[in-house]
Structures are given as C-alpha cells and as structure tokens.
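Before any comments, here is the structure.
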Amino acid sequence: MNAPLSHPPKTLAKTDLKPDAGTTPVMAQYLSVKATQPDAMLFFRMGDFYELFFEDAQKAAAALGIALTKRGKHQGEDIPMAGVPVHAMDGYLARLIRQGFKVAVCEQLEDPAEAKKRGSKAVVHRDIVRVVTPGTLTEDTLLDARGANRLAAVAIRKGRAAVAVVELSAGVVDSVACELNDLGAALAAFRPSEVLVPDRLFSDETMKGALDGSGGVVQAMPQALAEPVGAKDRVQRLYGVSALDGFGAFEEVEISALGLIAAYLETTQAGRIPALTPPRRSGESGFLAIDPATRLSLEIDRTQRGERDGSLLHAIDRTVTSGGARALAERISRPLRDPAAINAGLDAVEWLLERRDLRRDLRDALRASADVARATSRLALGRGGPRDLAAIRSGLTTAQGLSALFAACANDPLTGPPARVTACLDRLALEGELSHLLAELADGLMDEPPHLARDGGYVNPGHRPELDAARTLRDDSRKIIAELEAKAVADSGVAFKVRHNAVLGYFLETSAKAAEGLLRAGPDSPFIHRQTLANQVRFTTVELSELDAKISQAGHRALAIEADTFEGWRREVARLAGPLQGAAEALAELDAHAALAEWAEEVGAVRPSVDDSLCFAVEAGRHPVVEAAVKAQGQPYTPNNCQLAGDGVGASRLSIVTGPNMAGKSTFLRQNALLVVLAQAGAFVPARSMKLGVVDRLFSRVGAGDDLARGRSTFMMEMVETAAILTQATERSFVVLDEIGRGTATYDGLAIAWATAEALHETNRARTLFATHYHELARLEERLDHVCNLSMKAKEWNGELVFLHEAAPGAADRSYGVQVARLAGVPTAVVGRAREVLERLENEKAATARLDDLPLFAAAAEPPPPPMKSLLDEAIAAIDPDDLTPREALEALYRLKGLAKT
C-alpha cells in the first residue's frame with residue numbers, strides 16, 4: 001500500500017536523481033527517462049495509471065489537488081508519489097498546461113507478457129512518446145475548437161527580427177520578417193500560446209516589450225539552435241527536402257526562427273514528423289501593423305478582461321465550422337495592407353451576399369462537415385482515432401457536395417464566382433487519391449465509430465472477409481457450441497453439456513453413469529476422456545479442442561485485423577496530408593466568406609471602397625460591438641460621420657474631439673478604428689458608405705491602465721504608448737488618442753497634449769482623431785492648416801443632462817463634469833458643493849493670457865471680495881412664503897418687480 005505522507009518530503013535536486021545501489025529496476029528506468037526531460041513533469045505509465053515521483057509528484061499534488069503518497073526510498077529518503085488514471089489523463093493534462101507546466105508522457109511500449117519472456121525481473125520497455133506544452137497541443141479535449149493554438153519562435157539578427165509560427169493542430173506554418181520596432185505587433189497578431197526565445201535575447205529591451213504583449217508562455221532556447229546553418233538543416237529535415245528555395249526567399253533571420261520551431265518539434269514530438277504545410281511567408285508590408293496596446297484597447301479578438309465575448313470577433317462571427325471560426329479570427333487579427341488582396345476578399349463576400357439561397361445551402365452543407373485539418377494532424381502524428389477518420393470522411397463528403405452545389409454557376413463568365421471562391425472550389429475538387437480515400441472510408445468505416453482504435457468495432461461488416469469470420473466466431477460462439485453439443489449428443493446418445501473453465505477450456509460433461517459406455521469404448525472413440533470427478537466425467541473432441549483455440553483467439557484476431565485496417569487508413573491520410581489540408585483550408589475560407597456575408601445582411605453593412613489614397617470618409621458609421629449590445633436592450637444606435645484626409649485635401653488631417661464624459665467620445669474613436677480593421681480584413685462595414693485609403697499602421701491610445709509589475713504608473717504607460725505612436729506613425733497610419741496628458745498636472749498635461757497634436761499634424765501627418773477635455777486645444781483649428789473640431793453633443797433638459805451621442809462640427813462649450821458626477825451617484829451634498837465651486841471659478845476674473853502666445857489656462861488672480869447685497873436680495877431674504885396670504889404674496893411679487901427695475 002502507498003501510505004500518505006505525514007510531512008513534506010525532501011525536495012531532490014536534479015543531480016540527486018541518479019540510481020544508487022538500492023534503486024529498483026523500475027525506478028532506475030524512471031530516473032533514466034527523467035534525465036532526458038529534466039524540466040518537464042514526467043507522466044510515467046504503470047499499468048492503468050500515470051505515476052509521478054519526487055518533485056513532480058509534489059507539484060502535481062498541489063496543482064491538481066490529488067493525494068500525495070510515497071513508494072519506496074531513494075538515498076535513504078521516502079520517494080513522493082502521485083498518480084492519475086490513464087482514462088482521465090486529458091482532464092488533468094489540460095489543468096497542468098493551463099498552469100504553465102510542461103508534461104512529458106512516458107508510455108509502455110511493449111506488453112508485460114513480452115517483457116516476462118526476457119526473465120521474471122525484466123522491466124517493461126518504456127519511453128517518452130511526446131512532450132506536451134501549451135503550444136503543441138493537438139487533442140480536441142485540450143483545445144478551443146474555434147481558436148487557433150500556436151507555437152511561435154522569435155529571432156533577431158543584424159538589426160532585423162522574425163517571427164515563425166506553427167499551429168501544430170492544423171499543420172499551418174507562417175513566417176514574418178520585420179523591423180525591430182514592429183516585432184511586438186507581428187507577434188501579437190498571432191496570439192501564440194507559447195513563445196520560443198534564444199536565451200541570449202532575454203536582455204534585449206525590444207524583445208522584452210514584444211514578449212510582454214504576446215500573452216504566451218515563454219520558453220528559453222539555447223542560442224546555438226538559432227544559428228542559421230544548423231537551423232536550415234533542421235528545417236530541411238522537418239520538411240524532408242534538400243533545399244528551401246521552393247518555399248520562398250527566406251531571410252537569414254527567418255531561417256533562425258524556423259530552426260527554433262523545428263528543434264522544438266523534434267524534441268516534443270519524440271521523433272514523429274508532423275504534417276506541415278510549407279511556410280507561408282508574409283513580408284512586413286503584407287499586413288496592417290497593430291501593436292499589443294492597440295489590440296487591447298480596441299478589443300479586436302479579446303476584451304480587456306481576456307474574454308472572447310464582447311470583442312469585435314465575437315460580434316461578427318457567424319461561422320458554422322470550427323475551421324471557419326479560426327480562419328475568420330486570423331482574418332480579423334491580421335488585416336491586409338494590399339488594396340488588390342483586400343478587394344479580392346470583398347468580392348467574395350459581396351458575391352455570396354447577393355446569393356442568399358446559395359449561401360444558405362452552402363452554410364447548411366458546411367454544418368455537416370468536421371475539422372479536417374486537426375483530424376489530419378492528429379492522424380499524421382499517430383495520436384488520432386477512428387473518429388478522426390470519420391471527420392475526414394465527413395469533410396471530403398462535404399467537399400464533394402459543394403462542387404455539385406456550385407456547378408450551375410461556376411462556368412458563367414458574367415455571374416460566376418470571383419477568384420477567391422473559384423480557388424476554394426478548385427481545392428475541393430476530389431480527384432484521384434482523395435476520391436479513392438473517400439470511397440475507402442465510406443465503404444469501410446462505420447457511421448459512428450468509437451473514440452479509441454484499440455477498442456475495435458469501427459470497420460464495417462463485409463469490408464474484410466477475414467474480419468467477418470473472426471467476428472462471427474467471437475460473437476456467435478454460443479450458437480456454434482450449442483450446435484456441437486447437439487451433434488455430440490446425437491452421435492453418442494449421451495446427455496452431454498458443454499462447459500468451460502480456465503484449465504480445460506471447452507469440454508463435454510456428463511454424469512458418471514452415462515459415461516460408462518464411452519469409457520469402455522477405448523481409443524477408437526471420438527470422445528477423448530479428460531477428467532473424472534466424483535459425479536461427473538469430462539470429455540473433449542478434436543473438433544471441440546480446435547474450436548476452443550479458435551474462439552479464444554477470435555477476439556484478439558478481430559482486434560488485430562481492425563488495428564491493421566486502421567493503420568492502413570492512417571498511413572494513407574498521412575501520405576495525403578497536403579491535399580487534405582488544402583481542402584480543409586478551402587472549407588474554412590468558404591465558411592469565413594459566407595459568415596461575413598451573413599453578418600453584413602443581418603446588420604445592414606456595406607462594401608467599403610479601399611484604394612491607395614489617404615482618404616478616410618465614413619457616412620453614418622456604427623460601432624459593431626456597441627450597436628449589437630444597444631440593440632439587444634431594445635435601444636437605437638446613433639450613427640456618426642467622420643472625414644479625414646492625410647493630404648488635407650477635402651477634409652482635415654486631424655480632428656480635435658471634445659465633449660462631456662459619457663457622451664461617446666471613446667466609442668466614436670474606437671468605432672472608426674474598428675471600421676479600418678473590418679475594411680482591411682475584407683469585411684463589409686456597418687455604415688451607409690465608407691471610402692478608405694489603405695492604412696499601414698493602426699494606433700489606439702484609449703483608456704487608462706498601469707503596469708505595476710514594471711513600476712509604471714498610468715501616466716507613464718500613457719507616455720510610453722504615445723512615444724511609440726510618435727516614433728512609428730507614418731502618413732498612411734490611422735491614430736486615435738483619448739485624453740492624452742490627463743494623468744499629470746493640468747498645465748503639464750495641456751502642454752503635452754498640445755505638442756503631441758502638433759507633431760501628429762506636422763511631422764507624422766497621420767490621419768488622427770484626438771479626443772480631449774482640454775478645450776484650449778480647439779484653438780488648433782485656427783493655428784494649423786488641416787485641423788478641425790468635432791464635439792459630442794449633449795443638452796440639459798429640465799435639469800437633466802441628455803447625451804445625444806452625435807458628433808457634430810465645432811468645439812464643445814462645456815464638459816458637464818458635475819452633471820456626470822451626479823449621474824454616477826456622487827452624494828448630493830458633494831455635487832452641490834461642486835456646483836458652488838464651479839460657479840465661483842467660472843465667474844472669477846483671471847489675468848489675461850493669449851493662447852496665441854502660450855497654450856495654457858489663464859492664470860488665476862486674487863479672489864475678488866464677496867459682492868454687496870442689493871435691495872432686491874434683502875427684500876427676498878425678508879420674505880417668509882409660508883406666512884403670506886394670497887393677497888400678501890401678490891403684493892410682495894409686485895414690490896420685488898419694482899425693485900428689479902431700479
């Protein structure tokens with residue numbers, strides 16, 4: 001028995017984990033395997049359990065809430081032990097991965113019976129079959145079906161940076177080379193679960209900033225693995241090629257990053273070669289650059305709380321397949337920069353939007369599909385099961401049906417599908433080997449196969465005659481035995497019963513008296529005597545002995561035949577991984593196009609006009625997320641116009657947006673930034689019309705936050721992000737800034753806001769929306785050539801503040817801060833006192849200071865003496881309304897009116 005530990009055990013250092021004279025063979029094997037993965041938590045297979053020892057057991061017990069026990073001793077100390085059942089491993093594994101652990105899975109690679117043949121003390125052969133890390137998950141139970149799970153690697157060489165990314169569960173590889181300043185944006189676009197970094201780069205400030213915004217678990221890798229020569233060899237070995245020229249002209253830094261990925265996969269996959277697509281190389285000019293702070297601010301694919309609900313992606317996602325959801329997420333996370341590519345995507349959405357019936361049939365067909373990409377990846381890695389084969393069959397069947405669905409319109413030169421849709425249909429055309437694979441799976445694989453191949457029961461009857469024979473013998477043994485029993489009774493005239501035990505197997509049993517004649521028959525009798533008991537005698541026959549052997553082996557033989565069939569199918573899938581992944585990508589892309597068309601019809605979105613100009617013109621634009629939330633509450637959404645022009649022709653380059661809190665300034669800013677994201681992602685936009693000159697970089701500084709872990713206040717974070725904008729924004733950029741300078745003294749904040757606005761207008765020349773409460777900035781409209789004022793309108797009605805959520809030309813005259821404080825529930829006494837102070841401050845005489853000379857608030861003068869009370873004031877104070885009769889009240893009113901005229 002394993003007794004619970006009564007005290008915390010000694011934590012053993014890695015150098016202590018060595019066999020000694022008293023180490024058992026199994027523990028020696030464990031220590032040997034553990035030495036190959038010292039930084040991973042080792043799941044060591046022992047029969048029906050995965051067991052963990054030493055410090056791994058302590059960590060697992062704490063992380064999983066399982067019992068910590070002990071087994072045996074090592075160097076005189078108890079060996080801590082914990083265990084989890086094999087059938088429940090996925091649940092425990094998911095919890096460990098979420099907590100950032102790396103797990104090495106050590107399996108039994110032979111049957112214990114085989115090990116016994118080598119001697120009674122022989123140990124079952126075990127070895128690591130995979131190392132599970134956050135970025136290398138492939139199991140459905142551990143993955144978000146609608147979200148990508150990526151492993152990224154980062155390299156820096158000769159002033160250039162690169163990010164290589166693999167989504168192992170779908171076999172997709174990307175490579176991006178960029179300038180150092182764009183590293184954070186390139187990495188954040190992929191949202192990796194795990195990031196590999198050469199250990200030498202941990203002191204690099206650029207790398208620190210990029211890793212902070214990635215959100216993934218960081219793994220240090222030896223710098224030697226990033227050296228280009230060795231890295232190139234590993235990448236070629238991973239793809240089984242002798243040169244990478246066929247994949248594209250990779251920069252040296254990209255080879256370094258891809259080499260880190262290849263080295264990590266060699267280690268974690270224990271020699272199994274994954275099915276990977278050739279690296280998709282995208283240059284720095286291929287995608288809209290969005291830095292991590294802007295992604296967080298705009299809540300593109302996750303809210304600031306880290307949730308999908310409430311994000312832009314969640315608001316527009318109408319996909320019906322998991323692959324389509326991932327394709328849409330990538331499209332929104334990495335908007336394009338090339339107008340031709342953007343318009344190709346818009347063509348596909350528009351074509352499907354105009355064909356409602358076809359789109360409905362397409363989406364219905366896709367709903368019956370499955371995740372072909374992930375199923376293919378698991379099968380190629382040897383981790384898949386019969387249900388993955390069923391997923392591939394389902395996907396190929398859907399592909400076959402879609403080809404027929406589009407056949408009627410595919411050849412029409414006028415109304416036929418656009419290039420992007422046609423390219424998808426070409427990849428879905430099942431010819432040759434894919435068609436043969438579909439036919440094989442349709443004929444041989446059961447409709448509802450079990451999860452595990454080892455359980456059997458997934459090959460259709462009639463697919464393999466020898467399997468049918470083994471199943472018949474296994475399943476119909478009772479019928480066959482009954483027939484043999486009846487034959488034995490007929491041949492002998494004895495009342496036989498067929499029995500079975502572990503020693504004799506199947507035998508014929510009868511009473512001692514009935515057996516007398518058979519015992520006298522001698523060796524010529526077909527009934528062979530086996531055993532005599534007190535009241536029964538047992539016989540067998542040659543036929544029964546042979547049947548006994550066949551029946552006992554039939555079950556094993558049936559499983560072996562099914563396993564052989566499955567392995568044949570698995571090898572075929574691995575061989576055809578390339579075209580299968582192409583078909584999976586095509587299904588996902590069609591789903592994403594159709595989903596964007598469905599959403600556009602649902603919300604009344606329109607096609608944006610995207611070109612190479614510096615224009616930004618939106619008529620009646622709406623915030624896609626806020627509008628959905630407002631409409632869910634039964635309220636209307638107020639659309640707004642916005643016009644900017646980088647060249648200053650026809651519109652201003654920079655708009656100063658003023659207005660009260662809660663009037664919608666931040667929503668207006670984010671709304672226009674999100675319209676840029678949607679348009680360049682190839683999606684329609686919620687507006688009456690939109691014209692966009694393609695944007696190269698998107699910046700958003702909206703909202704407040706600090707970074708206490710790095711000693712940065714809210715104001716410091718604001719300044720860091722503002723500095724990034726001022727140093728990176730170009731005339732093609734789009735910038736939204738909210739309340740710059742609010743976190744410091746009034747004069748300092750106003751000065752910083754003023755100087756920032758001037759720099760964006762004069763130096764960066766970026767299209768900019770600049771929201772502020774510093775009304776002094778409204779004077780910039782008079783001082784700078786391409787600045788205009790916008791204000792979010794609000795009105796006071798019967799003492800109540802009403803927000804109109806409407807952006808109109810001109811500057812706001814008031815901020816209505818006290819009114820907003822009252823709406824927020826600030827105590828009445830405090831609000832009243834604030835009104836008094838505000839009125840006094842507004843009525844005070846201030847020393848004059850020309851904004852043309854210095855953009856600061858007017859300097860405050862000495863407070864004036866309290867005003868003398870007038871005769872009218874004294875008369876009003878002398879009246880007690882409660883003591884007046886109606887006639888006296890009327891007379892008092894006439895008297896006061898008279899005093900007012902004097």
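What you see below is based on every heavy atom in this structure, not just the backbone, and it leaves out hydrogens, waters and symmetry mates. This structure is a prediction, so every number in the text was calculated from the model and none was measured.
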By salt bridge (Lys or Arg N to Asp or Glu O under 4.0 Å) - contacts of E194 (at least two apart): none
Main-chain N/O of L225 paired with R234 side-chain donor or acceptor, under 3.5 Å: yes
Row check, Y50 ring normal vs R45 NZ/CZ: under 6.0 Å, within 45°: yes
Heavy-atom side-chain contact between V132 and E139 under 4.5 Å: no
Whether over 12 other heavy atoms sit under 6.0 Å from L726 CG: yes
side-chain contact (heavy atoms from CB on, under 4.5 Å) against A724, all qualifying residues, sequence neighbours excluded: Q728
ring-ring contact (aromatic ring centres under 6.0 Å, His included) involving F44 - partner list, sequence neighbours excluded: Y30
Check: S700 main-chain N/O paired with T294 side-chain donor or acceptor under 3.5 Å: yes
Residues E179, R160: salt bridge by 4.0 Å N-O rule: yes
Residues R130 and T136: side-chain donor-acceptor under 3.5 angstrom: no
Salt bridge (Lys or Arg N to Asp or Glu O under 4.0 Å) partners for E266, two or more places apart: R237
Counterpart residues, side-chain hydrogen bond (donor to acceptor under 3.5 Å, both in side chains), relative to T277 (two or more places apart): none
Any donor-acceptor N/O pair, R331 side chain to A681 backbone, under 3.5 Å: yes
Salt bridge R571-E567, side-chain N to carboxylate O under 4.0 Å: yes
Side-chain donor/acceptor of D291 to backbone N/O of A185, under 3.5 Å: no
Contacts of type ring-ring contact (aromatic ring centres under 6.0 Å, His included), residue F101, not counting sequence neighbours: none
Any residue meeting side-chain contact (heavy atoms from CB on, under 4.5 Å) with S169, in chain and number order, not counting sequence neighbours: L143, E167, R374
Under 3.5 Å side-chain donor-acceptor pair for D371 and T321: no
T36 side chain reached by D127 side chain, heavy atoms, under 4.5 Å: no
Ring pair (Phe, Tyr, Trp, His ring centres under 6.0 Å) contacts in which one or both residues fall within residues 161-220, not counting sequence neighbours: none
Ion pair check, D388 and R570, cut-off under 4.0 Å: no
Pairwise side-chain contact, Y264 with L260, heavy-atom cut-off 4.5 Å (strictly under): no
A224: partners by side-chain contact (heavy atoms from CB on, under 4.5 Å), with sequence neighbours left out: none
Reference residue R191; test side chain to side chain contact (heavy atoms under 4.5 Å, CB included); the match among D301, N149, V165: D301
4.5 Å side-chain heavy-atom contact, F43 and V84: yes
Pairing residues for R387 by the salt bridge (Lys or Arg N to Asp or Glu O under 4.0 Å) criterion, not counting sequence neighbours: none
For R308, all residues meeting salt bridge (Lys or Arg N to Asp or Glu O under 4.0 Å), sequence neighbours excluded: D317
K102 atom NZ, neighbour heavy-atom count above 12 within 6.0 Å: yes
Within-4.5 Å side-chain heavy-atom neighbours: S193 and V217: no
Partners meeting side-chain hydrogen bond (donor to acceptor under 3.5 Å, both in side chains) with H314 (sequence neighbours left out): D309
Check ion pair E251-R281 (N to O, under 4.0 angstrom): yes
